[in-house]
Amino acid sequence: MRIIDYQHALKFITEKEIAAMEGETLSAKSKLVNRTGPGSDFTGWVDYPLAGEENIKKITAAARRIRENSEVLLVIGIGGSYLGAKAGLELLNPYFGKQGGPEILFAGHTLSSSYTRELIDYLQGKNFSVNVISKSGTTTEPAIAFRIFKKLLEEKYGEEARERIYVTTTIGKGALYGIAVENGYEMFGISEDIGGRYSVLTPVGLLPFAVAGIDVGAILEGAASAREDALTKPYLENDALLYAALRNLFYRRGKTVELLASYEPKLRYFGEWYKQLFGESEGKDGKGLFPASVLYTTDLHSLGQYVQDGERILFETVINFEKPEKDMVLIREEEDFDGLNYLAGKSLDYVNRQALKGTVLAHVDGDVPNLLLNFPEISARQFGRMVYFFMFACGVSGYLLGVNPFNQEGVEAYKRNMFTLLGKP
Ligand code: PA5
């Protein structure tokens, strides 16, 4: 089944123009897979879904221990060392109540003192473990959080604390690696050739997923199938390549903002992960689509007005799941007090789908091109497929734009000022 459906883009871009992008897009793909483009030292993720399986045994053993002895797993990390895990957990866990296993909380993605203080209070009286994730092992936010929560663990458990700390970092590099070796913490390596925002399929995401009881093997299988499609299918049948080409065509037409939309609230953090992936990969050299995300129908009652009638700089990419996880039928009331009896017998998911269709048509009428990305259902396998699809499209898209999709020098600017203000020696 095809992922991309671009019929609602054809009012803006012709099939001929899409076909004419073949040469450029295949050359961008070749830079990525043959490692000849800028930043090629950071393309290890392209083949990782195959290699990743080696880690599964170690990950599942650690996850079993954490599930046995902890009510909470505290995951410490920021950016690529945070958003992928958060996105997967939000998508694959139930909306309400606890997933099986320990509650998974996050720290080190914010410097908020109130958040940190409340988290310390929340952990009082609970058994917990820490998974600190930092590829460089030197990032300030997670380093501060680790200092705080390591102390909390040591005060609570004494010597046993070291058995409750799991470190995910680059082996042989950075302060975190040194601390882990010195204290004998269990370690998971992040390959040097996989950048933060492309790392969710490594132990960065897989350990928290396994602790939550998510089938990490299925995630990697889904990613491997998306990899196979991305690497082997010809241009016009290759969804990831077409997505990259269409984004680039829209950008050339002055559509400088991509809105990633979904009708399933579980995708909120997938949208955050996507924003980092594309924002950090493409926003450089004065270029790049601005990635934004919305959840419909909620945001039709906030941003809908702008999308319909504001500046015509937007195009929309809608993630659609063909099958809902759950559904319900709307009932008939004896007295039609709210005028909704015309919906009786229809399912709520059907209503949501008509909202999607109606919105796509309205936005296309309002000069907002629409792309639909179809996935069969919400599952671990499809999450793996989605992640790989977007990462591959992002790498190709960056090369089409003429930037290095794998560096992020712009992130250093705020750090320099902050360190000066803090008097860092
Ligand atoms: O994509 C990236 O490389 C960044 O967003 C990093 O993930 C983020 O800055 C965190 O870095 P680290 O994992 O080194 O702590």
Side-chain angles (χ1 to χ4, degrees), residues 32 38-46 48 74-88 106-111 130-150 165-180 185 187-208 269-284 288 290-291 293 387-388 390-395 397-398 403-419 424:
L32 177 64
S40 59
D41 291 356
F42 293 97
T43 52
W45 57 270
V46 171
Y48 192 80
L74 185 61
V75 179
I76 297 178
I78 195 166
S81 294
Y82 157 60
L83 286 164
K86 179 80 178 162
F106 289 86
H109 60 300
T110 172
L111 289 169
V130 165
N131 177 204
V132 54
I133 308 173
S134 177
K135 183 178 172 194
S136 61
T138 56
T139 308
T140 309
E141 292 91 333
I144 290 175
F146 185 49
R147 184 180 266 231
I148 294 169
F149 291 99
K150 174 174 167 298
I165 295 175
Y166 300 83
V167 171
T168 309
T169 192
T170 308
I171 303 297
K173 275 200 172 164
L176 186 57
Y177 173 75
I179 298 170
Y185 301 147
M187 248 192 296
F188 294 87
I190 311 175
S191 310
E192 287 212 55
D193 60 356
I194 300 182
R197 58 191 174 276
Y198 294 85
S199 71
V200 53
L201 299 172
T202 73
V204 169
L206 297 188
L207 179 57
Y269 273 90
F270 194 85
E272 299 303 316
W273 171 82
Y274 143 89
K275 284 191 265 192
Q276 189 211 353
L277 179 66
F278 282 92
E280 266 189 8
S281 297
E282 292 194 319
K284 46 199 74 158
F290 183 82
S293 64
V387 161
Y388 196 92
F390 277 101
M391 293 197 306
F392 196 88
C394 186
S397 196
V403 300
N404 174 353
F406 304 112
N407 63 2
Q408 57 281 327
E409 279 152 26
V411 182
E412 297 307 312
Y414 96 90
K415 292 186 193 168
R416 277 193 295 275
N417 293 341
M418 180 177 78
F419 291 147
K424 186 179 178 188

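Whatever order the structure lists them in is the order used to number ligands and atoms, beginning at 1.
- Note: L32 CG to S397 OG = 11.5 Å, rounded to the nearest 0.5 Å.
- Partners of F106 according to the ring-ring contact (aromatic ring centres under 6.0 Å, His included) rule, which considers only residues two or more places apart in sequence or in another chain, are Y82.
- To the nearest 0.5 Å, atom CD of residue E141 and atom CE of residue M418 are 5.5 Å apart.
- You'll find the side chain of H109 stays beyond 4.5 Å of the side chain of K86, heavy atoms only.
- Residues W273 and F270 place their aromatic rings such that the two centres sit under 6.0 Å apart.
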Could you list each nitrogen or oxygen of ligand 1 that sits under 3.5 Å from a protein nitrogen or oxygen, with the atom names and the distance?
{"from": "ligand 1", "atom 1": "1 (O)", "to": "R197", "atom 2": "N", "distance (Å)": "3.0"}
{"from": "ligand 1", "atom 1": "1 (O)", "to": "R197", "atom 2": "NH1", "distance (Å)": "3.1"}
{"from": "ligand 1", "atom 1": "1 (O)", "to": "Q276", "atom 2": "NE2", "distance (Å)": "3.3"}
{"from": "ligand 1", "atom 1": "1 (O)", "to": "E280", "atom 2": "OE1", "distance (Å)": "3.0"}
{"from": "ligand 1", "atom 1": "3 (O)", "to": "G196", "atom 2": "N", "distance (Å)": "3.4"}
{"from": "ligand 1", "atom 1": "5 (O)", "to": "Q276", "atom 2": "NE2", "distance (Å)": "2.5"}
{"from": "ligand 1", "atom 1": "5 (O)", "to": "E280", "atom 2": "OE1", "distance (Å)": "3.0"}
{"from": "ligand 1", "atom 1": "5 (O)", "to": "E280", "atom 2": "OE2", "distance (Å)": "3.3"}
{"from": "ligand 1", "atom 1": "7 (O)", "to": "G80", "atom 2": "N", "distance (Å)": "2.9"}
{"from": "ligand 1", "atom 1": "13 (O)", "to": "S81", "atom 2": "OG", "distance (Å)": "2.6"}
{"from": "ligand 1", "atom 1": "13 (O)", "to": "K135", "atom 2": "N", "distance (Å)": "2.7"}
{"from": "ligand 1", "atom 1": "14 (O)", "to": "K135", "atom 2": "N", "distance (Å)": "3.4"}
{"from": "ligand 1", "atom 1": "14 (O)", "to": "S136", "atom 2": "N", "distance (Å)": "2.8"}
{"from": "ligand 1", "atom 1": "14 (O)", "to": "S136", "atom 2": "OG", "distance (Å)": "2.7"}
{"from": "ligand 1", "atom 1": "14 (O)", "to": "T139", "atom 2": "OG1", "distance (Å)": "3.4"}
{"from": "ligand 1", "atom 1": "15 (O)", "to": "S134", "atom 2": "OG", "distance (Å)": "2.6"}
{"from": "ligand 1", "atom 1": "15 (O)", "to": "T139", "atom 2": "OG1", "distance (Å)": "2.5"}

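- In this structure, a donor-acceptor pair under 3.5 Å is present between the side chains of S136 and T139.
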